[in-house]
Amino acid sequence: MQIFNTLSRKKEELRPIKEGEYRIYVCGPTVYNYIHIGNARPVIVFDTLRRYLEYKGNKVLYVSNITDIDDKLIKRAAEENTDMQSLARKYEAEYFKDTEGLGVKKATVHPRATEHIDEILSIVKDIIDKGYGYVARNGDVYFRAKKFKEYGKLSHLVLEDLVSGNRSLRSEMDADLKEDSADFAVWKSAKAGEPYWESPYGNGRPGWHIECSAMARKHLGKTIDIHAGGEDLIFPHHENEIAQSECANGCTFANYWMHNAFLNVDNQKMSKSKNNFFTVRELAEHYGYEPIRYFMLSGHYRSPINYTAELIESCKSALERLYTCRDNLDFAIENASGADTSLLDDAKKAKEKFCAAMDDDLNTVEALAAIFDYVREINTKAQSSSKETLVAAAKMFDELTGVLNIVSSRKKDEIPAEVTDLVAQRAEAKKAKNWALADEIRNKITELGYTVEDTTQGAKVSKNK
RNA sequence: GGUGAUGUAGCCAAGUGGUAAGGCAAGGGUCUGCAAAACCCUCAUGCACCAGUUCAAAUCUGGUCAUCACCUCCA
């Protein structure tokens, strides 16, 4: 499998440290609010990567952190008149509600920053011991960015350019605490009224970047296979993680870095001030979760995608085609009488095309095309195939759609006896060519919330769409 | 100023040298008592624009235009 590695800016053959096993760390949410649709993109994209690796028979250790200590949390807790921990737990629960709806598998571990203060302090100590960190007079601990010669290797930015950049006001503010304006905080001294933990440097709390370095080391080891997140995290977050981890551990932090492009709204970055901000929750209430997942996979993860309501609607229609195909398959299996086995070849071809696409840097768009090609074959041959063939074809359909996890919300409808009776009555009426009565019964069935469709294999009943 | 991305049909979107996948929408047809679903056909002599390289370019090179992002706590 080829993966685009941000480090080399090239597609590379993905080779894990240990054959058949992948250690993946994906930067998780800061739980201070409901997640927005932009947050959902990396969650869905890398969940799909994980599912594909597992589908290919690999073991995946997947870690995604919960940031539950942060400036935004402190601020928001004050606004909501609550404490930081209750706020964090509340939105963490909402986060899991949304991700579950989006068909995202739970990570092997979802570590919380506040439960890893010991590990964080331990890596801070390593950094200081090795000469890469220093304690400022107020108790802040900073990382000497320039001392790490490879600083900038991920973002391909040069420190001098950064320093001369046009947003240096903030670093100038701390200029009297830092040795150099490029240095960044790994530990922050406590401010009045804010949560803090005791440390050798005085009371304080972890900086943003250090938690990921610490939790990755604890749960996945010093060198991991893949580290992933949104492209905005490349700098400074991931750059700083590399500096911290590689200096503290003395070895490569992550072999592959994967970053998804942004999701825009009206071709602009989503932001509250532009009033183009959508949470996953509000969209899910409108359209359901599954179209959102499909939408995220309908474009390549490294290309920006633009959200509009019309697109979600068209994703919903595309999903309908998949649901209908799967329903037809079940119906055909129950009523199978044909002998054609050529669908088995189509299933094999579909899998080959699907895997070739996924192997090429997670090309979910081509993978979807493979599924839709297969759907056409199924629809064409469903009524002429043998039962065994249809069962195998359905299994392949479930396999491929299962990797993308896009047909999970389809349920087999329970048909009440009342409706079944009406269907039987309608069949009688049809037999007698009493079309008026047949249509009247069909209307009744519709009113009860069900749809009846006539096929060459008899009447097919489902819930109204 | 530095770095990077993008521009393909009405909409979305794959395709990195061999003559434009797939989905949505639209139109026509087949099937059906009528429907629904499904299937078939139609829908870019052309891939922002201009040059160039090549037997061959959406794809490579140079330039132009447009849009977007990152450059110290935004996925």
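Below, chain A is the first sequence line, B the second, and so on; all start at residue 1. The model shown is predicted, which means the values in this text are computed figures rather than measured ones.
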Margin query: If I pick the P atom on rU72(B) and the same atom on rU67(B), what distance separates them, to the nearest angstrom?
Written below: 24 Å
Notebook entry, point to check: Given that both distances must come in under 3.5 Å, which nucleotide forms a Watson-Crick or G-U wobble pair with rU16(B)?
Noted result: none
Next item on the list: Give one of base, sugar-phosphate or nothing for Lys316(A), where a contact means two heavy atoms less than 4.0 Å apart.
Entry: nothing
Check: Expressed in angstrom and rounded to an integer, what is the separation of Glu453(A) atom CD from rC34(B) atom P?
Finding: 16 Å
Checklist line | Residue Leu233(A), side-chain heavy atoms: nucleotide from rA75(B), rG33(B), rA5(B) that is nearest | finding: rA75(B)
Next item on the list: Would you kindly check whether a donor in the side chain of Lys381(A) faces an acceptor in the base of rC39(B), or vice versa, at under 3.5 angstrom?
Entry: no
Next item on the list: Among the candidates rA69(B), rA75(B), rA36(B), find the nucleotide nearest to the side-chain atoms of Asp232(A).
Entry: rA75(B)
Next item on the list: Under the salt bridge (Lys or Arg N to Asp or Glu O under 4.0 Å) rule, collect the residues that match up with Asp340(A), sequence neighbours excluded.
Entry: none
Notebook entry, point to check: To the nearest Å, how far apart are His227(A) NE2 and rA75(B) C1'?
Noted result: 12 Å
Side-chain polar contacts of residues 315-325 of chain A - donor-acceptor pairs under 3.5 angstrom, sequence neighbours left out - could you list them?
| unit_1 | atom_1 | unit_2 | atom_2 | d |
| --- | --- | --- | --- | --- |
| Ser317(A) | OG | Glu313(A) | O | 3.3 |
| Tyr323(A) | OH | Glu290(A) | OE1 | 2.5 |
| Tyr323(A) | OH | Ser409(A) | OG | 3.0 |
| Thr324(A) | OG1 | Glu320(A) | O | 2.8 |

Checklist line | Backbone N/O of Ala367(A) and side chain of Thr364(A): donor-acceptor pair under 3.5 Å | finding: no
Note to self: Say we look at rA58(B) and rC47(B): how far apart would their P atoms be, to the nearest angstrom?
What the structure shows: 7 Å
Notebook entry, point to check: How close or far is atom C1' of rA38(B) from atom CD of Gln383(A), stated in whole angstroms?
Noted result: 8 Å
Next item on the list: Report the base-pairing partner of rA5(B) (Watson-Crick or G-U wobble, both distances below 3.5 angstrom), or none.
Entry: rU67(B)
Notebook entry, point to check: Looking only at heavy atoms, which two atoms of His259(A) and Leu154(A) are closest? And how far apart?
Noted result: CE1-CD2, 4.3 Å
Margin query: Suppose we define a pair by two distances each less than 3.5 Å, Watson-Crick or G-U wobble; what does rA44(B) pair with here?
Written below: none
Next item on the list: Using a heavy-atom cut-off of under 4.0 Å over every strand shown, decide if Arg326(A) touches base, sugar-phosphate, or nothing.
Entry: nothing
Item checked: Span that lies between the C1' atom of rC12(B) and that of rU6(B), in whole angstrom -> 15 Å
Check: Within the structure shown, what part of the strands sits under 4.0 Å from Asn379(A) by heavy-atom distance: base, sugar-phosphate, or nothing?
Finding: sugar-phosphate
Notebook entry, point to check: Atom CE of Met296(A) and atom OG1 of Thr48(A): how far apart are they, to the nearest 0.5 Å?
Noted result: 11.0 Å
Notebook entry, point to check: Is there a Watson-Crick or G-U wobble partner for rC11(B) with both distances under 3.5 Å, and which nucleotide is it?
Noted result: rG23(B)
Check: According to a strict under-4.0 Å criterion, is Arg302(A) in side-chain N/O contact with OP1 or OP2 of rA5(B)?
Finding: no
Checklist line | d(CG, Asn264(A); P, rG7(B)) in whole Å | finding: 14 Å
Checklist line | Cation over ring face, Lys11(A) and Phe4(A), 6.0 Å, 45° | finding: no
Check: Are the side chain of Glu366(A) and the backbone N or O of Ala357(A) linked by a donor-acceptor pair below 3.5 Å?
Finding: no
Checklist line | Parallel, tilted or perpendicular, as decided by the 30° and 60° cut-offs, for the rings of Tyr374(A) and Phe397(A) | finding: tilted
Item checked: Residue Phe235(A), side-chain atoms from C-beta onward, closest of rG33(B), rC68(B), rU72(B) -> rU72(B)
Notebook entry, point to check: Is Lys188(A) touching bases, backbone alone, or none of the nucleic acid, heavy atoms closer than 4.0 Å?
Noted result: base
Notebook entry, point to check: Expressed in whole Å, how much space separates the P atoms belonging to rC39(B) and rG22(B)?
Noted result: 13 Å
Check: Going by modelled atom types, is there a donor-acceptor pair between the base of rC34(B) and the side chain of Asp454(A) at under 3.5 Å?
Finding: yes
Check: For atom C1', what is the distance between rU54(B) and rU19(B), given to the nearest Å?
Finding: 14 Å
Next item on the list: Name the pairing partner of rC34(B), where a pair is Watson-Crick or G-U wobble with both distances under 3.5 Å, or state none.
Entry: none
Item checked: Any strand: nucleotide that pairs with rC60(B) via Watson-Crick or wobble, under 3.5 Å -> rG52(B)
Next item on the list: Starting at atom CZ of Phe278(A), determine the distance to atom P of rC74(B), rounded to an integer number of angstrom.
Entry: 21 Å
Margin query: By nearest heavy atom, map Asn306(A) and Trp435(A) onto RNA chain B; which one lands nearer the 5' end?
Written below: Asn306(A)
Notebook entry, point to check: In whole Å, what separates the P atom of rC70(B) from that of rC49(B)?
Noted result: 29 Å
Margin query: Give me the distance, rounded to whole Å, that separates rC74(B) from rA69(B) when you measure between the P atoms they each carry.
Written below: 16 Å
Next item on the list: Ignoring the backbone of Phe262(A), work out which of rU72(B), rA75(B), rG4(B) is nearest its side chain.
Entry: rA75(B)
Check: Angle class for the His227(A)/Tyr25(A) ring planes (parallel below 30°, perpendicular above 60°, tilted otherwise)?
Finding: tilted
Margin query: If I take atom CG in residue Leu154(A) and atom P in nucleotide rG4(B), what distance separates them, rounded to the nearest angstrom?
Written below: 14 Å
Notebook entry, point to check: With no hydrogens and no angle check, is any side-chain donor or acceptor of His36(A) less than 3.5 Å from a backbone partner on Asn39(A)?
Noted result: yes
Notebook entry, point to check: Starting at the 5' end of RNA chain B and moving along, which residue's nearest nucleotide shows up first, Lys430(A) or Thr451(A)?
Noted result: Lys430(A)
Check: What one-letter contact string describes nucleotides 14-28 of chain B from 5' to 3', where B marks a base within less than 4.0 Å of any protein heavy atom, S marks contact via sugar-phosphate atoms alone, and - marks no contact?
Finding: SS-----BSSS----
Next item on the list: Would you mind classifying the nucleic acid contact of Asn328(A) as base, sugar-phosphate or nothing, using non-hydrogen atoms under 4.0 angstrom?
Entry: sugar-phosphate
Check: What interatomic distance, in whole Å, is found between C1' of rG46(B) and the corresponding atom of rC40(B)?
Finding: 25 Å
Check: When the distance from CE of Met270(A) to C1' of rA69(B) is rounded to whole Å, what number comes out?
Finding: 14 Å
Next item on the list: Report the distance from atom CG of Leu263(A) to atom P of rC12(B), rounded to the nearest whole Å.
Entry: 14 Å
